[in-house]
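Before any comments, here is the structure.
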2 protein chains.
Amino acid sequence: MSTRPQPEPNERLHIKDVARLAGVSTGTVSRALNKRGRIAPATRERILRIVEQTGFVRNASALSLVGSRTGIVEVVVTSVIDEYFGQVILGINQALRPAGYSILLRLHVPDEERERYYAGQLSRRTADGALLIVPKHVNEGELLRQYQRGYPLVVVDHRSGDPAVPSVSASHYEGARQAVAHLLELGHRHIAIITGDLSEHSGRERLRGYREALAQVGMPRSGEDVVEGDYSPGSGADAMRRLLRQAAPPTAVFACNDHMARAALDVIKEAGLAIPRDISIVGFDDFPFAAATTPPLTTVRQPLDDIGRVAATMLLDLIDGQPLADTHVRLQTALVLRSTTGLPR
Amino acid sequence: MSTRPQPEPNERLHIKDVARLAGVSTGTVSRALNKRGRIAPATRERILRIVEQTGFVRNASALSLVGSRTGIVEVVVTSVIDEYFGQVILGINQALRPAGYSILLRLHVPDEERERYYAGQLSRRTADGALLIVPKHVNEGELLRQYQRGYPLVVVDHRSGDPAVPSVSASHYEGARQAVAHLLELGHRHIAIITGDLSEHSGRERLRGYREALAQVGMPRSGEDVVEGDYSPGSGADAMRRLLRQAAPPTAVFACNDHMARAALDVIKEAGLAIPRDISIVGFDDFPFAAATTPPLTTVRQPLDDIGRVAATMLLDLIDGQPLADTHVRLQTALVLRSTTGLPR
DNA sequence: TCTCGCTGCGTAAACGTTAACGCATGCCCC
DNA sequence: GGGGCATGCGTTAACGTTTACGCAGCGAGA
């Protein structure tokens with residue numbers, strides 16, 4: 001039934017075969033394949049031609065067994081693969097590629113906790129190090145234990161329980177302050193927040209930035225102005241509806257990510273209000289779609305690709321045994337002014 | 001400067017060390033670690049306890065060198081990681097996990113074509129097989145060549161040039177017909193299409209489905225009603241604007257993916273028209289956000305997780321040397337009725 | 001002509017693990 | 001009490017590649 005072609009029936013080429021075809025020893029083929037070692041140019045060319053013709057590729061396992069590095073970095077991520085991960089992984093890839101490293105994607109589906117622990121136990125040491133992109137304090141215990149034993153590890157976007165574990169993230173606190181400061185400058189005096197998931201580090205930090213920014217100008221705090229969301233569009237819509245039901249709705253809203261900001265936008269328009277005339281909105285993240293909402297969303301940009309790049313670079317240093325200049329790196333956010341913010345009515 | 005802990009300074013544990021600690025030979029430790037082989041329960045327990053205490057993990061390279069399989073599947077994907085990939089990879093993961101396989105993510109950034117070829121040449125055979133998620137006929141030549149040589153390969157969502165290469169995708173053609181048939185049943189007689197990227201297989205097939213559905217009921221075709229997009233929100237907005245500028249705009253629009261459908265929604269609302277009263281919209285994909293647009297989007301659901309699962313399962317069969325029941329699998333789409341379609345005015 | 005040094009290549013150990021093989025040991029059954 | 005068999009474990013070859021070492025051949029300088 002199968003149409004699978006098998007010109008050389010199941011027999012894969014080894015370096016020995018290439019050596020035989022070239023009439024040399026395996027050592028010489030190895031020298032031709034690598035750049036180092038003394039070899040006559042003519043011999044090298046001949047061998048490489050045969051390699052090209054036969055399509056010979058070296059066995060990675062043997063290679064890394066003798067080289068004592070696998071050239072693989074594992075990237076641990078929670079089950080959801082979204083814009084956030086998409087951007088970060090791009091940066092990771094940019095740093096890893098030139099260094100000759102590949103990405104082993106490890107998806108941690110929540111209901112596999114036990115199986116995961118088990119797998120962690122039995123896990124062969126496949127990679128030279130790991131990048132953790134798990135926003136919450138999920139049960140990454142096994143990996144942290146490995147770290148204690150010298151397994152290179154960098155955490156992306158949240159501080160792990162162990163302060164010794166290197167991490168890199170955007171400055172959520174500063175970013176939130178930037179957002180609120182912008183609204184204050186425009187003259188807004190009634191600014192609400194739709195928070196992110198407060199079980200995540202980023203969610204707590206953004207809320208803290210919002211509060212500090214208001215406290216700094218001596219603004220009164222009303223409990224009503226803090227509505228809890230969880231970063232999902234649905235939670236953003238719900239939160240916005242609650243804010244609109246207030247006797248005196250806010251003139252500006254800081255939504256802690258772009259998904260919730262977009263949902264809030266829709267709710268406001270549905271209610272017959274105009275943006276930014278009636279209500280101003282600031283988001284957070286600057287996801288690709290933020291420039292394409294109507295009106296285009298003013299938001300705080302996280303340099304997600306930089307985050308990935310920096311984290312990967314730090315990991316490569318750890319793998320090479322080099323000391324880290326900085327164990328915890330915080331990258332700057334930037335306010336991106338578009339059209340959802342304006343003067344209060 | 002580094003805070004990296006190194007309790008056992010750079011010395012990783014080997015099976016020999018465990019054997020010494022347990023007072024047995026390496027063979028016995030191996031038998032304790034694997035399930036097979038004759039070993040006294042007491043000895044096994046003692047060894048496993050030591051493994052647990054020391055945190056010993058076996059060297060993956062040595063393991064796969066002797067076992068002649070790496071337990072890794074490479075997933076090749078273009079640079080953009082979006083909802084589409086996010087869903088497919090979930091299915092892939094579901095199939096691969098239980099089988100003990102990991103995912104090696106290979107991001108093919110366009111401007112690295114040459115480097116990629118080079119890397120392909122030098123590439124160590126890291127994985128047992130590959131899954132290709134590249135919508136266009138990009139230069140996947142090197143991998144296809146490997147396939148000719150017996151490297152297991154499955155293409156996701158487009159037929160490769162070589163009909164012998166196994167593939168799996170949704171039935172774009174049937175899905176498009178479903179969408180248009182639904183609009184016809186509602187009574188629409190002026191139905192436009194915003195096409196996807198016509199350099200992609202999916203884009204061409206969806207257009208074909210639209211045309212056939214109309215031809216089947218003998219509807220006249222107007223060139224004006226086919227507006228070319230490229231799956232991006234921006235192209236969807238542009239296309240919708242062009243359609244609205246027509247003397248007699250269509251009463252229904254089939255947008256070839258959800259991104260463009262959402263953008264079209266915004267454009268229509270901006271123009272002061274009501275959905276679905278003035279214009280009906282059908283999308284394609286059923287991405288997570290489709291249920292959260294206002295109004296919620298009627299769309300054609302692609303079973304993306306199933307696609308991933310099926311492709312991965314086929315690949316595992318190939319790796320195991322089992323014949324494939326079906327070389328090209330087409331999965332059914334389903335119309336998801338929400339609130340953007342209604343009777344024509 | 002002899003020696004020295006360099007060049008090109010073959011040889012074999014090493015990387016860390018598995019699994020086939022074989023050898024004690026102890027038990028059962030006749 | 002002895003033959004046979006099952007059990008538990010040690011020994012070692014093998015997996016495919018790199019690399020340190022060593023040796024032959026050759027050209028150059030004295």
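These numbers were taken from a predicted model, which means no experiment stands behind them. To find a chain, count down the sequence lines: A is the first, B the second, and so on, and within it residues start at 1. Basis for what follows: all heavy atoms, side chains included, without hydrogens, waters or symmetry-related copies.
Checking side-chain atoms of A/R149 against main-chain N and O of B/T54 turns up a donor-acceptor pair under 3.5 Å. Here the side chain of B/H108 pairs no donor or acceptor atom with the backbone of B/V76 at under 3.5 angstrom. The backbone N or O of A/V156 lies less than 3.5 Å from no partner atom in the side chain of A/S169, so there is not a single donor-acceptor pair. Between the side chain of B/R97 and the main chain of A/L107, a donor-acceptor pair closer than 3.5 Å is present. Under the 3.5 Å distance criterion, the side-chain polar atoms of A/D320 are left unmatched by any main-chain donor or acceptor of A/Q322.
Within the structure, a side-chain polar atom (N or O) of B/T28 is placed less than 4.0 Å from OP1 or OP2 of D/dG10.
Nucleic acid contact class of A/V24 (heavy atoms, under 4.0 Å, all strands): sugar-phosphate only. Residue B/S25 is in base contact, counting any heavy-atom pair closer than 4.0 Å across all strands shown. A/T43 comes within 4.0 angstrom of sugar-phosphate atoms only, judged by non-hydrogen atoms across all strands, and of no base.
Atom P of nucleotide D/dG8 and atom CZ of B/R46 are separated by 13 Å, given to the nearest angstrom. Atoms NZ (A/K35) and P (D/dT18) sit 13 Å apart, rounded to a whole Å. Rounded to whole Å, atom P of D/dT18 lies 6 Å from atom CG of A/L33. Atom C1' of nucleotide D/dG16 and atom CZ of B/R69 are separated by 18 Å, given to the nearest angstrom. Rounded to whole Å, atom P of C/dG8 lies 17 Å from atom CG of A/N34. Taking atom CD1 on B/I39 and atom P on C/dA19, their separation rounds to 14 Å, with Å as the unit.
Using modelled atom types, one finds no donor on one side chain facing an acceptor on the other under 3.5 Å when comparing B/T313 with B/D317. Looking at B/Y84 and B/D157, their side chains do bring a donor and an acceptor atom within 3.5 Å of each other.
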Can you name the atoms? Protein N/O to nucleotides 21-25 of chain C N/O, anything below 3.5 Å, with the distance.
unit_1	atom_1	unit_2	atom_2	d
C/dG22	O6	B/R38	NH2	3.3

Within the sub-3.5 Å range, which N or O atoms of nucleotides 13-16 of chain C have a protein N or O partner, and how far apart are they?
unit_1	atom_1	unit_2	atom_2	d
C/dG16	OP1	B/H14	NE2	3.0

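A cation-pi geometry, defined here as NZ or CZ lying under 6.0 Å from the six-membered ring centre and within 45° of its normal, holds between B/R69 and B/Y101.
B/V168 and B/V154 make their closest contact through CG1-CG1, 4.0 Å (heavy atoms, listed as atom of the first residue, atom of the second, distance).
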